[in-house]
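Okay, structure first, notes after.
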Amino acid sequence: MNERRMVAGLAMADWGPATGSPVVLALHGLTSTSEVWSAMAGALPHMRVVAPDLPGRAGSASVPIGPGLAGHAQAVLRLADELQLHDIIVVGHSMGAFLAPLVAAKLGDRARSVIMLDGGVAPARTLMLRRPIVRLLFGVATRRLDRKWPTVEKYVATAEGKATDNRPDLHQVMLAWGAYMLAGPPGAQRPRLDRERLIDDAADTLAGPATLGALARTTQPVHLIAASRGAHDEAAPFLSDAALEAGQAQLQRLTIERADANHLTLLFDPSVPAAVARAS
């Protein structure tokens, strides 16, 4: 990584060459940070990868913005403007995949393409995805995280659950993710998270208005990589085949592939840098 710094009020990571195009603008998920893009950036050393900590997370935990994904999109646009980014490949994972269409629409012809990772199209609507239920579930989940942690290992074990049980090779990477998220004295570190912001974002992402339609009046290529498994390797995928078909019906130029990964390990799948390389 070249550096971390504050730009337009957001903490951000900046990998790769300082000049050249296209540039990747990477948007992380609900309880993640910019650190989750380190593997993709490492696989694309010839490309610049810019990744903000979205408001409510890590270095941007206390950044005030407008409500919902629309507020995030405006904050990301300010960052892109201050960095004078052009010829942008917008990549988003999870919540970031739902945010990516809003960001790309605001960027207009500055957005070269959009790549969405296990998100961006509406999942099958169930009782569990009603707004009050989403708020309740994420309230419980974030309460489990928002406390003092004796070690990074214990935080990661709770935050990531069983997602990497079959990927011992990712252990050190997960520790790096956790170490970046936590702050405070050794043995009593807390995650840098704004719980209320996360809960609101979860409700807007999973139970709010669909965002894919924001790309209806744009022309750039849009590609979705869906994980074949859900939160862990025994879970059903977050996006069913029916959900993918519905997304493609909504935006006919949307192209789709399935990757042999779960929702988290998709970030390490070779299909991701391959899709970015094709878009460049």
Side-chain angles (χ1 to χ4, degrees), residues 8-13 25-37 51-80 90-106 114 116-123 125-126 128-146 158-161 163 177 180-182 190-214 227 230-231 238-239 243 263-264 266-267:
L10 297 180
M12 57 158 280
L25 178 59
L27 309 172
H28 63 72
L30 271 165
T31 58
S32 300
T33 71
S34 58
E35 188 66 21
V36 304
W37 298 108
D53 289 340
L54 294 172
R57 288 87 173 161
S60 306
S62 60
V63 174
I65 61 167
L69 294 178
H72 283 293
Q74 193 61 45
V76 173
L77 180 65
R78 287 195 294 269
L79 178 138
V90 183
V91 181
H93 173 249
S94 192
M95 181 191 81
F98 291 90
L99 174 59
L102 300 181
V103 171
K106 286 185 175 295
V114 179
M116 305 181 300
L117 309 180
D118 221 27
V121 304
R125 292 299 180 185
T126 67
M128 300 300 287
L129 292 183
R130 294 180 61 183
R131 187 175 289 268
I133 303 299
V134 171
R135 292 189 62 85
L136 175 64
L137 291 175
F138 275 84
V140 172
T142 55
R143 189 178 300 116
R144 292 173 61 228
L145 299 178
D146 190 21
T158 299
E160 307 302 347
W177 288 12
Y180 179 66
M181 176 65 84
L182 297 174
R190 299 186 74 102
R192 296 181 292 165
L193 292 173
D194 179 338
R195 278 191 67 224
E196 289 305 313
R197 180 80 219 187
L198 264 65
I199 294 168
D200 289 345
D201 288 346
D204 200 42
T205 298
L206 298 174
T211 61
L212 190 63
F238 171 58
L239 296 176
H263 187 70
L264 185 150
L266 179 60
L267 287 162

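Computed from a prediction, not measured in an experiment: that's the story for all the values here.
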Legend entry - Nearest heavy-atom neighbours spanning Arg130 and Ala207: C-CB, 4.1 Å
Legend entry - Rounded distance (nearest 0.5 Å) linking atom CZ of Arg135 with atom CG of Leu137: 12.0 Å
Legend entry - Minimal non-hydrogen separation, Ala58 against Tyr180, with atom names: CB-CE2, 3.7 Å
Inset, instruction - Run the numbers on Leu69 and Met95 for side chain to side chain contact (heavy atoms under 4.5 Å, CB included), then give the verdict. - result: CA-CA 9 Å; Leu69 294 178; Met95 181 191 81; 3.8 Å; yes
Inset, instruction - Look up atom CZ in Arg197 and atom CG in Leu30, then write down how far apart they are to the nearest 0.5 Å. - result: 10.5 Å
Inset, instruction - Locate the shortest heavy-atom distance separating Leu54 from Ser60; write the atom from each residue and the value. - result: O-CB, 3.7 Å
Legend entry - Expected output: side-chain Arg131 to main-chain Leu206 donor-acceptor under 3.5 Å: no
Legend entry - Side chain Asp53, main chain Ser34, donor-acceptor under 3.5 Å: yes
Inset, instruction - Show your reasoning for whether side chain to side chain contact (heavy atoms under 4.5 Å, CB included) applies to Gln74 and Ile65. - result: CA-CA 8 Å; Gln74 193 61 45; Ile65 61 167; over 6 Å; no
Inset, instruction - Hey, could you give me the CD/OG distance between Glu160 and Ser32, rounded to the nearest 0.5 Å? - result: 6.5 Å
Legend entry - Candidate pair His93 and Leu267, rule side chain to side chain contact (heavy atoms under 4.5 Å, CB included), full reasoning: CA-CA 8 Å; His93 173 249; Leu267 287 162; 3.8 Å; yes
Inset, instruction - Working to the nearest 0.5 Å, report the span between CG of Leu266 and OG of Ser94. - result: 10.0 Å
Inset, instruction - Please report the shortest heavy-atom distance between Arg195 and Asp146, naming the atom on each side. - result: CD-OD2, 3.2 Å
Legend entry - Non-hydrogen atoms of Pro209 and Asp204 that approach each other most closely: CD-OD1, 4.0 Å
Legend entry - Over all atoms of both residues, closest heavy-atom pair of Pro52 and Leu10: CB-CD1, 4.1 Å
Inset, instruction - Check whether any side-chain heavy atom of Asp118 sits under 4.5 Å from a side-chain heavy atom of Leu239, and report yes or no. - result: yes
Legend entry - Nearest-0.5 Å distance, CE of residue Met116 to CG of residue Leu212: 5.0 Å
Legend entry - Side-chain touch Thr33/Trp177, heavy atoms, less than 4.5 angstrom: no
Inset, instruction - Measure from the side-chain N and O atoms of His263 to the backbone N and O of Ala163, and report whether any donor-acceptor pair falls under 3.5 Å. - result: no
Legend entry - Contact check, side chains of Thr142 and Leu193, non-hydrogen atoms, under 4.5 Å: no
Legend entry - Asp194 and Arg57 ion-paired at < 4.0 Å: no
Inset, instruction - Check step by step if side chain to side chain contact (heavy atoms under 4.5 Å, CB included) holds for Leu25 and Leu79. - result: CA-CA 10 Å; Leu25 178 59; Leu79 178 138; 4.2 Å; yes
Inset, instruction - To the nearest 0.5 angstrom, please state how far the CG atom of Leu136 sits from the CD1 atom of Ile199. - result: 9.5 Å
